[in-house]
Amino acid sequence: MTRPAPAQAARGDTARPTNSNTRIAPARLLVPAPGPAREPAGSDNRGLNSERMRAALVARLRSHGIADERVLEAVQAVPRHRFVDEALASRAYEDAALPIGHGQTISQPWIVARMIAAARNGRELVKVLEIGTGCGYQAAVLAGVAREVYSIERIKALHELARNRLRPLRLAHVRLVFGDGMLGVPSAAPFDAIVVAAAGLEVPQALLAQLAPGGRLVAPEGDARQHLVMIERTGAQSWVRTELEPVRFVPLRPGVLL
C-alpha cells in the first residue's frame with residue numbers, strides 16, 4: 001500500500017494554542033450570554049436559551065468561513081450543553097474546546113464544522129467513521145449529515161459517557177464502538193468519510209485502507225506542532241493529501257483503557 005502524496009504548503013498561522021481540539025487562532029470567539037428568554041420548563045436546558053444560543057453560534061461559524069449549510073444545520077440541531085458537565089453548561093456555546101475528563105476535550109464547534117465540511121465536500125454521505133467519540137458531540141453532528149455513523153472510543157468511561165449523552169437524542173443510525181481507534185472498524189468499512197479527533201504523528205494506514213474510493217479522511221497530524229490534513233482516496237492504492245490550517249488536538253494513542 002502506497003503512502004499519500006506529499007503535503008501541499010500550509011497557510012501561515014503563528015498564534016499559540018490556548019486549548020485542545022481547536023484551531024490555533026488569535027482569539028477565542030464567545031457567544032453572548034443568554035438574555036431573559038427561557039425555554040419551556042422541563043426542556044432540560046440547564047438555564048440556557050439553547051435554541052437562541054445555538055443560532056448565535058452558527059452565525060459565528062458562518063461568519064468565520066463555514067459555508068456548508070447542511071453542516072451548519074446539523075450544528076444548530078445539536079444541544080451542545082447536553083454534552084458537557086453541568087458546571088460548564090454556561091460555556092457550552094462558546095466557540096471553544098472544553099474539558100470532558102480523562103485528559104480529553106469536547107472539540108471547538110468551529111473545528112467540528114470545519115472537519116465535517118471538508119470530509120463531506122458537498123456530497124451525500126452514506127457511512128462515516130469517527131475516531132475518538134469523546135462525549136459524543138461530534139457523533140451527534142455527524143448524524144445530521146450521514147445515514148450511518150460509526151464512532152469508536154478507546155477510553156471505556158468516555159464510551160459509556162457518550163452512550164448516556166446520546167441516548168436522549170434517539171439517533172438510531174449512530175453506532176458506538178469501544179476499541180482501538182487506530183485500527184478503525186474494518187468490519188463496517190469502507191467509509192465515505194473518516195474524521196479523526198486526535199493527533200498522531202501520521203495517519204494510521206489501517207484508516208486509509210478503510211476509506212472508500214473517492215472518500216475523504218480529515219485528521220490532525222503532528223506532535224508539538226500540528227496541522228489539519230485532508231486525504232482523499234483516488235484509487236485502490238493511491239491517496240492525495242492536502243495540508244490545511246494549524247490546530248491543537250489531544251494525542252492519538254493505541255490500545256484501550258478500561
Side-chain angles (χ1 to χ4, degrees), residues 17-101 104-120 130 132-146 149 151 158 161-171 174 195 197 245 247-250:
T18 57
N19 49 28
S20 297
N21 288 34
T22 184
R23 174 179 59 165
I24 298 176
R28 187 176 65 194
L29 301 174
L30 303 182
V31 175
R38 295 183 180 180
E39 290 185 348
S43 62
D44 189 28
N45 68 354
R46 302 178 187 177
L48 299 172
N49 185 341
S50 177
E51 289 187 12
R52 187 167 69 91
M53 296 190 76
R54 276 182 272 164
L57 174 59
V58 166
R60 296 282 179 116
L61 299 183
R62 186 181 286 113
S63 71
H64 284 80
I66 304 299
D68 189 323
E69 290 298 324
R70 181 79 177 273
V71 173
L72 291 172
E73 288 172 6
V75 171
Q76 184 152 348
V78 178
R80 192 172 187 246
H81 64 275
R82 291 179 177 267
F83 292 88
V84 299
D85 290 338
E86 188 170 357
L88 294 172
S90 63
R91 299 186 59 197
Y93 297 101
E94 294 181 6
D95 188 23
L98 297 170
I100 58 173
Q104 306 298 303
T105 60
I106 180 174
S107 295
Q108 176 196 19
W110 188 93
I111 203 70
V112 169
R114 170 67 164 138
M115 293 175 76
I116 295 175
R120 197 173 93 86
E130 178 192 25
T133 311
C135 62
Y137 173 71
Q138 185 164 261
V141 177
L142 283 167
V145 301
V149 177
S151 183
L158 288 181
L161 174 67
R163 188 177 301 281
N164 291 335
R165 296 278 166 86
L166 286 166
R167 186 176 291 116
L169 301 183
R170 299 183 179 181
L171 301 172
V174 175
V195 177
E245 51 274 328
V247 291
R248 183 64 178 173
F249 272 71
V250 295

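Here the structure is a predicted model, which is why all the values come from computation and not from measurement.
A distance of 14.5 Å separates OG of S107 from CZ of R114, quoted to the nearest 0.5 Å. Residue Q138 holds its CD atom at 5.5 Å from CG of L142, rounded to the nearest 0.5 Å. Once rounded to the nearest 0.5 Å, the distance linking OG1 of T105 with CZ of R248 reads 11.0 Å. With rounding to the nearest 0.5 angstrom, the CE atom of M115 is 8.5 Å from the CD atom of E130. Distance check, rounded to the nearest 0.5 Å: CZ of F249 to CD of Q104 gives 11.5 Å. Here the CD atom belonging to E94 is positioned 10.5 Å from the CZ atom belonging to R60, to the nearest 0.5 angstrom.
The two residues R70 and G144 come nearest to each other via the heavy atoms NE-O, 3.3 Å. Looking at every heavy atom in both residues, L171 comes nearest to A143 through CD1-CB, 3.9 Å. The two residues I106 and I100 have their closest heavy-atom pair at N-CG2, 3.7 Å. A139 approaches V174 most closely through the heavy-atom pair O-CG2, 4.2 Å. Of all heavy-atom pairs between L72 and L61, the closest is CD2-CB, 3.9 Å.
Applying the side-chain contact (heavy atoms from CB on, under 4.5 Å) test to A162 and every residue at least two apart in sequence or in another chain returns T133, L176. Not counting sequence neighbours, the partners of R167 by the side-chain contact (heavy atoms from CB on, under 4.5 Å) test are R163, N164.
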Next on the checklist: Pair R120, D68 - check side-chain contact (heavy atoms from CB on, under 4.5 Å), show working.
Outcome noted: CA-CA 9 Å; R120 197 173 93 86; D68 189 323; 2.8 Å; yes
Next on the checklist: Quick one, F83 with L166, criterion side-chain contact (heavy atoms from CB on, under 4.5 Å). Give me CA distance, side-chain angles, the key distance, then yes/no.
Outcome noted: CA-CA 8 Å; F83 292 88; L166 286 166; 3.8 Å; yes
Item to check | Step-by-step side-chain contact (heavy atoms from CB on, under 4.5 Å) determination, R80 to L98 | outcome: CA-CA 11 Å; R80 192 172 187 246; L98 297 170; 4.1 Å; yes
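Between P79 and L169, some side-chain heavy-atom pair lies under the 4.5 Å cut-off.
In this structure, D95 does not pair ionically with R62, as no charged nitrogen and carboxylate oxygen lie closer than 4.0 Å.
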